[in-house]
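Structure first, commentary second.
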Amino acid sequence: MVKIAPSMLSADFSKLAAEIKEIEEAGADLLHIDVMDGHFVPNLTFGAPVVQALRAHTALPFDVHLMVTNPEDYVESFATIGVEYFTFHAEATAHMHRLIQTIKEHGMKAGVSLNPSTPVAVLEDIAADLDMILVMSVNPGFGGQSFIPHAVRKIQKAKNLLEFVGNKDAVVEVDGGVNGKTVEAVRNAGADILVAGSAVFGADDRKAMIHLLRGDK
Ligand SMILES: O=C(CO)[C@H](O)[C@H](O)COP(=O)(O)O
Ligand SMILES: [Fe+2]
């Protein structure tokens, strides 16, 4: 069964703790946390101090998606918070292999995210070391954008690559534009974790939306 990770990017920032509590009670599996630095992407969100402040308010695993230049500089501060996945962008570093080892040494799972224009093939030689491949189905930086259809094929390629290298534990996550219209295609493509920001936080009934996206019977 797929897991649903609502993206905090679409929550009401003036009452984050309450928003997170609500989606936890509504059945979310993880909390997707979009860290943007205003350099890697043209938008600025929040950093480790805000994420740290929220840790005490929920038992949900933290799925941190770092859209930042110099992701190496963030490992230490996020490791002390207690996050499940530390996911950086392939486009943000020349040293993916080294960074993956550092993340794991700090007790976190290591994910690599790919912009829509970056092929899955860049992960070929490190796929065995990964805990997550995050397929971006929008260009990173903003919530509420439209799903880019070629991401469906890319999810399949990411799944195939993990299978080819015998990495049974790693997951494929899809992020951007996942909603009631696009969800079936991403589920059928084999995605393990679906990020949904505007679809969940913008829904009148967030619980029903999480159930719909997960395909609960
Ligand atoms: O990483 C992101 C944007 O860069 C967000 O996680 C993503 O856009 C989720 O928002 P939505 O579901 O509204 O598209
Ligand atoms: Fe994200």
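Each ligand, and each atom within it, is numbered from 1 in the order the structure gives.
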- State whether the number of non-hydrogen atoms from other residues, nucleotides or ligands found under 6.0 Å of Gln101 atom CD is greater than 12. yes
In ligand 1, which numbered atoms sit nearer than 4.0 Å to a non-hydrogen atom of [X]?
| X | result |
| --- | --- |
| Asp175 | 1 (O), 2 (C), 5 (C), 6 (O), 7 (C), 9 (C) |
| Gly143 | 8 (O), 10 (O), 13 (O) |
| Val195 | 6 (O) |
| Met36 | 4 (O) |
| His32 | 6 (O) |
| Pro140 | 4 (O) |
| His65 | 1 (O) |
| Gly176 | 14 (O) |

- Is Gly141 close to ligand 1, meaning an N/O of one under 3.5 Å from an N/O of the other? yes
- Polar contact flag for Gly144 and ligand 1 (N/O pairs, less than 3.5 Å):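 Yes; the residue has a nitrogen or oxygen that sits under 3.5 Å from a nitrogen or oxygen of the ligand.
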Establish, from distance only, whether the side-chain atoms of [X] and [Y] form a donor-acceptor pair under 3.5 Å.
| X | Y | answer |
| --- | --- | --- |
| His65 | Asp63 | no |
| Thr102 | Glu72 | no |
| Gln52 | Arg55 | no |
| Thr69 | Asp37 | yes |

- Item | From Met96 atom CE to Arg98 atom CZ, the distance as rounded to the nearest 0.5 Å |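 Rounded to the nearest 0.5 Å, the CE-CZ separation comes out at 13.0 Å.
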- Side-chain contact, heavy-atom cut-off 4.5 Å: Asn167 with Asp169? yes
Protein contact to [atom] [nearest heavy atom, distance to 0.1 Å]:
| atom | result |
| --- | --- |
| atom 14 (O) of ligand 1 | Gly177 N, 2.9 Å |
| atom 8 (O) of ligand 1 | Phe142 O, 3.3 Å |
| atom 12 (O) of ligand 1 | Gly197 N, 2.8 Å |

- Query: Which pair of heavy atoms, one from Ser7 and one from Phe201, lies closest together, and at what distance?
  - Reply: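 Smallest interatomic distance, heavy atoms only, reads O-CE1, 3.2 Å.
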- Under 3.5 Å donor-acceptor, Arg214 side chain and Gly27 backbone: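 Yes: the side chain of Arg214 pairs with the backbone of Gly27.
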- Do side-chain atoms of Asp175 reach the backbone of Val195 as a donor and acceptor pair under 3.5 angstrom? no
- So what does the Asp175 OD2 - the Fe ion (ligand 2) - His65 ND1 angle come to, to 10°? 90°
- Task: Could you pull out, from Thr182, Asp34, Leu194, the option with a heavy atom nearest to atom 2 (C) of ligand 1?
- Result: Asp34
- Message: Is the contact between Ser198 and ligand 1 made by the side chain, the backbone, both, or neither, using heavy atoms and a 4.0 Å cut-off?
- Response: both
- Query: Could you go step by step and tell me if Lys15 and Glu22 meet the salt bridge (charged side-chain N to carboxylate O under 4.0 Å, His left out) rule?
  - Reply: CA-CA 11 Å; Lys15 48 172 184 167; Glu22 190 187 320; over 6 Å; no
- Closest approach to the Fe ion (ligand 2) by His32, given as the N, O or S atom name: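 The atom in question is NE2.
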- Closest N/O/S atom of Asp34 to the Fe ion (ligand 2), by atom name?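 In Asp34, the heteroatom (N, O or S) nearest the Fe ion (ligand 2) is OD1.
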